[in-house]
Amino acid sequence: MTEITHVSCVEYCCYFMPVIYSFLQCSASCGQGYRQRLISCSEVHVENDNYEYGHQSLSNCPGTPPESYMPCNLDPCPPPQEWRVGIWGLCSVSCGDGVMERTVQCVAADGQESNKCSQDTMPEARKVCRNPSCHLPSSCQDVQSIKGPLPDSEHFLNIQGKALKVYCAGMQTETPQEYITLTTGERENFSEIFGFRLNDPTQCPTNGSRREDCDCRRDYTAAGITTFSKVRLDLSKMNIITTDWQFAFTREGKSVPFATAGDCYSAARCPQLRFSL
């Protein structure tokens, strides 16, 4: 857009012409901003075959200069999003190298969870933690080789990077073994296979209860009840040896493996099995 105004020239015939450029893009991407345009004053010589322009002060152009700024209102800006982090948790191992973790969440200003935070600025949720000064034995055999023959007792062992309390048995022998002590004792750790069988296996005992005064016969040869105070730990496979009886007591019948239950009580849909860990 241009506007040309004729004014008197002392030495030669000319025009003073304001040169007005288009508005630039809005200064904001959302909410309220402004748009700017450049306005200048040029002197145009008309005595030549071709116009010649010369830059002049804006005050030389007649009239009031047009506005060089105008407001622009865009859609409201979304509420700000930010990453919030929790505190670091404990190291995953008490010996050697492990990891620490914390929660990292993108939230809006109102506290609601969002997915609009920049992934480039996301804080780390995991980091390495180390305890190079920790040197625990990894088996009861290691305890014996370091400290010599000892009475059977509890020791802290490095089990897959974690310090776990393990009972070492047979420390006076060449093959000490690892056990986990069941802190709730024998009353809360038992296995049972019930020895009674209903004469009519399609029936359920009253309220699904365990009853010895039922119309039954007691001839199930695998029946028994065994209690446990400690269970054997297989370090190579990291599982419990359920048929180790060193710290088990069979109160009646056959020895029943740890965490095992069964019966030949009823063929109906009744709650029958019983064990406790």
Side-chain angles (χ1 to χ4, degrees), residues 1-2 19-40 58 65-140 142-143 154-167 178-184 231-242 258-259 276-277:
M1 172 181 176
T2 59
V19 179
I20 305 171
Y21 295 87
S22 299
F23 279 105
L24 299 175
Q25 200 171 13
C26 189
S27 62
S29 58
C30 62
Q32 186 171 3
Y34 64 89
R35 300 174 68 185
Q36 182 183 10
R37 62 182 175 181
L38 180 64
I39 300 173
S40 64
L58 194 60
E67 293 291 338
S68 59
Y69 291 88
M70 69 176 295
C72 48
N73 294 297
L74 305 177
D75 293 335
C77 293
Q81 322 288 320
E82 64 176 2
W83 291 107
R84 291 185 186 175
V85 298
I87 61 173
W88 288 108
L90 297 176
C91 190
S92 61
V93 299
S94 54
C95 301
D97 295 348
V99 294
M100 298 172 65
E101 296 183 341
R102 64 179 176 181
T103 58
V104 177
Q105 188 179 32
C106 177
V107 295
D110 58 2
Q112 297 297 313
E113 191 170 356
S114 174
N115 59 359
K116 297 182 179 179
C117 295
S118 171
Q119 295 298 314
D120 295 337
T121 60
M122 181 178 179
E124 62 178 349
R126 291 165 58 93
K127 66 178 182 180
V128 174
C129 50
R130 294 184 173 90
N131 188 1
S133 62
C134 180
H135 299 290
L136 288 177
S138 58
S139 68
C140 293
D142 288 346
V143 174
E154 304 277 356
H155 295 271
F156 278 102
L157 302 184
N158 181 356
I159 306 298
Q160 295 189 342
K162 296 183 178 180
L164 299 181
K165 185 181 285 188
V166 173
Y167 185 88
E178 293 78 19
Y179 287 83
I180 301 296
T181 299
L182 304 175
T183 56
T184 53
V231 289
R232 173 86 178 278
L233 174 63
D234 185 338
L235 290 178
S236 62
K237 298 179 180 178
M238 286 305 298
N239 60 17
I240 298 298
I241 301 175
T242 60
F258 183 69
S276 177
L277 302 181

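Values reported hereafter were calculated over all heavy atoms of this structure, with side chains retained and with hydrogens, waters and symmetry mates removed. Predicted model only: the values in this text are computed from it and were never measured.
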Could you state the interatomic distance from CD1 (I87) to OG1 (T103), rounded to the nearest 0.5 Å?
8.5 Å
Are M122 and C117 packed together at the side-chain level, in the sense that at least one heavy-atom pair is separated by less than 4.5 angstrom?
no
Distance in Å, Y69 OH paired with Q36 CD, rounded so as to fall on 0.5 Å steps
3.5 Å
Got a sec, which pairs hit side chain to side chain donor-acceptor pair (under 3.5 Å) with one end in residues 115-125, sequence neighbours left out?
W83-T121
Side chain to side chain, E82 and R84, heavy atoms closer than 4.5 Å
yes
Student check: side-chain heavy atoms of C30 and D75 closer than 4.5 Å:
no
Starting at CG of D234, measure out to CD1 of I241 and round the result to the nearest 0.5 Å.
4.5 Å
Of the non-hydrogen atoms in L74 and C26, which two are nearest, and what is the gap between them?
CD1-SG, 4.2 Å
Reported CG-to-CG distance for the pair D142 and N158, which is rounded to 0.5 angstrom:
10.0 Å
Any idea which heavy atoms bring F156 and L136 closest together, and the distance?
O-CD2, 4.1 Å
Are any non-hydrogen side-chain atoms of M238 and I159 less than 4.5 angstrom apart?
yes
Rounded to the nearest 0.5 Å, what separation is found between the CG atom of L24 and the CZ atom of R37?
10.5 Å
Nearest heavy-atom approach of Q81 to S114 is OE1-OG, 2.7 Å
Is there a side-chain contact between L164 and I180 in this structure, where contact means two heavy atoms from C-beta onward sitting under 4.5 Å apart?
no
